[in-house]
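Take this structure, written in structure tokens, and hold onto it; I'll ask about it next.
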Amino acid sequence: MKHKNSIMIFFLLLALLLPRMLPAQWQLSVRAEAGAHNASEGMYLRSAAAVQYRLKDTEFSAGLQFELFGKVPRHFSGLNLGISQAMAIREFPFEVAAFFLHRPYSDLQYENSWGLLAETDYRHFHFMFGNGFRAFRLTRQAVQDYPEGAGTLIRENWNLLYRIGYDLKSEDNFWNAGIAVTNLDYFLMNQETNPMLLLHGNAEIASGLDLYAEFWYKQAGVFNISANYFGYFFRLGVLWEL
Amino acid sequence: MGTLIKKITLLLTLILLFSACDVFEFRGFVMPYETVDQRFEQSMAWNAEHPYKSISVPQDRYDLFVMGDTHVGDTVNLNLFLDAAIAAEAAGAVMAGDITTGNDEDFYIFERQLPPAGVLPTFPIAGNHDLYFHGWEQYYELFGSSTYLFTVHTPNDSDLYICLDNGAATMGSKQLAWLKETLENERAQYRNCVLFTHTNFFRIRRMTATNPFVEELQYLTELCLRHDVNMVISGHDHERNTGSLGNTEFLILDALQDKEKDPSYLILNVDSDTLSYKFVDL
């Protein structure tokens, strides 16, 4: 119920603010992903929608994720809010960003994370570093159902976040492809010792409309020096610049 | 170009150093000797031929001794732990992984220290170090399963203990399914339920060693809550820590290895209506 209200408020605010903000630059993104991992009990299918609003050097973003098929017993499974600011020191351009991630993965528990990031590009390389903070929490329902429980949250603080990538083409080319290693995705903040390998590509299929595809591979225990397969997923999406 | 060559040379040197090291092994960084699913299947095959241990104690109160990360070679602290457990007439002793460095001879050294089962029942599980240098072969030969359960029966109650193999920072889909089924079918019949793993679930403090992926943590913490798991006890981090989420306490052990600055082990005390613990510093 709480999440339904949040979603309604989000869309209401969006509807109210949209007409006022139309002169600025908007991006809408819709994507779907399918994959499996050791704890998914088979394949899962998800969809997500995100909106980005850029006003000069400042960008606001919001995204929602929904479970279409899989073991997560609820449809709404993620909220992502972000803000970033482009800046430069002398001639060195970079962006600083902050994000908040809400991930209700069960009726009984959810995860709230937030983080601060700094990112920059150098020729075809992309670098992002930051720190993330996570709390695993019990829902109100769990507190009612399990009143004898002693703790309602566990925190994991100061988690190093990173993304190091290489693109074949420059950013303004009509197509691109690349590879990256990261522990951060739209609705997932991994521990620093759990990197994910990412292959991605995108192409402009019409004016202002990009099609993109990604393949993510997850290997558990790489810093244990006892690596083992954990999971993968494919993502397909469109990005529309208004 | 010169800088690039220097960097590649440094990387190759590090690879060679790690390859020659008797503590770390570079090969496992990208490729395991066996998958966690393969180890799980071997553990299940062992369990089929060796029934789970069932311990009966004559009174309602009993102790279980628990330690992790002995990293044998050296055995001074291991023997202090075992002697204390025998002296306390503990119901059993659990070894939560990284019992060795993964080298062949260390498994045999470790095995030689263990008392006969009639004196002290022992319950080892494999940690990431035990898997280095194809260590699982030696582990399996000497100790068998790394995924199993045992029970302790008092005159009035019974407790369930589940030992799990997450040495590669994941339990794998098959072991997770087994754990879920075991909790669904068995948990309700017992008073207390405690899980033992090597790799600790949460990064309660900043650490450099690997933990399970977040999706696996979410799955496991929900399972623990739904099935009223009292405790999850792990090693791996080498520094004690505790946290609780719902009904479940998550305990991380200090390392017991001889070269550790502050080694300790844990005594799990089970009484008619309490389950408590204390760390014992060496």
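Protein chains get the first letters and strands the later ones, always in sequence-line order, with residue 1 at the start of each. Computed from a predicted structure; not experimentally measured.
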Quick check on A:Leu160 against chain B: is it the side chain, the backbone, both or neither that has a heavy atom closer than 4.5 Å?
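Both parts, backbone and side chain.
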Chain A contact via B:Leu245 - side chain, backbone, both or neither, heavy atoms under 4.5 Å:
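Both backbone and side chain.
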Will you find, in the side chains of A:Asn228 and B:Thr170, an N or O donor that is under 3.5 Å from an N or O acceptor?
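The criterion, which ignores hydrogens and geometry beyond distance, is not satisfied for B:Thr170 and A:Asn228.
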Please list, in residue-number order, every residue in residues 113-129 of chain A that has a heavy atom less than 4.5 Å from any heavy atom of chain B; write 'none' if there are none.
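When heavy atoms of chain B are the reference, residues 113-129 of chain A contributes no residue within the under-4.5 Å range.
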Is there any salt bridge (charged side-chain N to carboxylate O under 4.0 Å, His left out) pair reaching into residues 193-221 of chain B, and which pairs are they, with sequence neighbours excluded?
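Those involving residues 193-221 of chain B are A:Glu192-B:Arg203, A:Glu192-B:Arg206, A:Lys218-B:Glu215, B:Arg205-B:Asp237, B:Arg205-B:Glu239.
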At their closest point, which heavy atom of B:Leu225 faces which heavy atom of A:Ala142, and how far apart are they?
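For B:Leu225 and A:Ala142, the tightest heavy-atom pair comes out as CD2-CB, 4.1 Å.
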Please lay out, stage by stage, how B:Leu217 and A:Glu156 fare under the test side-chain contact (heavy atoms from CB on, under 4.5 Å).
CA-CA 12 Å; B:Leu217 279 184; A:Glu156 292 186 333; 4.3 Å; yes
B:Lys174 versus chain A, the contacting section by heavy-atom distance below 4.5 Å:
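No part of it gets close to chain A.
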Checking heavy atoms, do the side chain of A:Met189, its backbone, both or neither come under 4.5 Å from chain B?
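Backbone only.
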Please look at A:Asn194 and chain B and tell me whether the side chain, the backbone, both or neither of the residue comes under 4.5 angstrom of a heavy atom of that chain.
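Both parts, backbone and side chain.
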Is any side-chain heavy atom of B:Val214 closer than 4.5 Å to a side-chain heavy atom of A:Arg134?
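Yes - at least one pair of side-chain heavy atoms lies under 4.5 Å apart.
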Please enumerate all residues that pass salt bridge (Lys or Arg N to Asp or Glu O under 4.0 Å) together with A:Glu95, with sequence neighbours excluded.
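For A:Glu95, the residues satisfying salt bridge (Lys or Arg N to Asp or Glu O under 4.0 Å) (neighbours in sequence not counted) are A:Arg54.
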Using salt bridge (Lys or Arg N to Asp or Glu O under 4.0 Å) as the criterion, list what pairs up with A:Arg235, not counting sequence neighbours.
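Result, salt bridge (Lys or Arg N to Asp or Glu O under 4.0 Å) vs A:Arg235: A:Glu33, A:Asp185, A:Glu214.
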Would you confirm whether A:Gln191, through its side chain, and B:Pro212, through its main-chain N or O, come within 3.5 Å as a donor-acceptor pair?
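It does hold such a pair.
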Checking A:Phe136 against chain B: side chain, backbone, both or neither under 4.5 Å from a heavy atom?
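A:Phe136 touches chain B through backbone and side-chain heavy atoms alike.
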Toward chain A, the part of B:Leu220 with a non-hydrogen atom under 4.5 Å
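Neither part.
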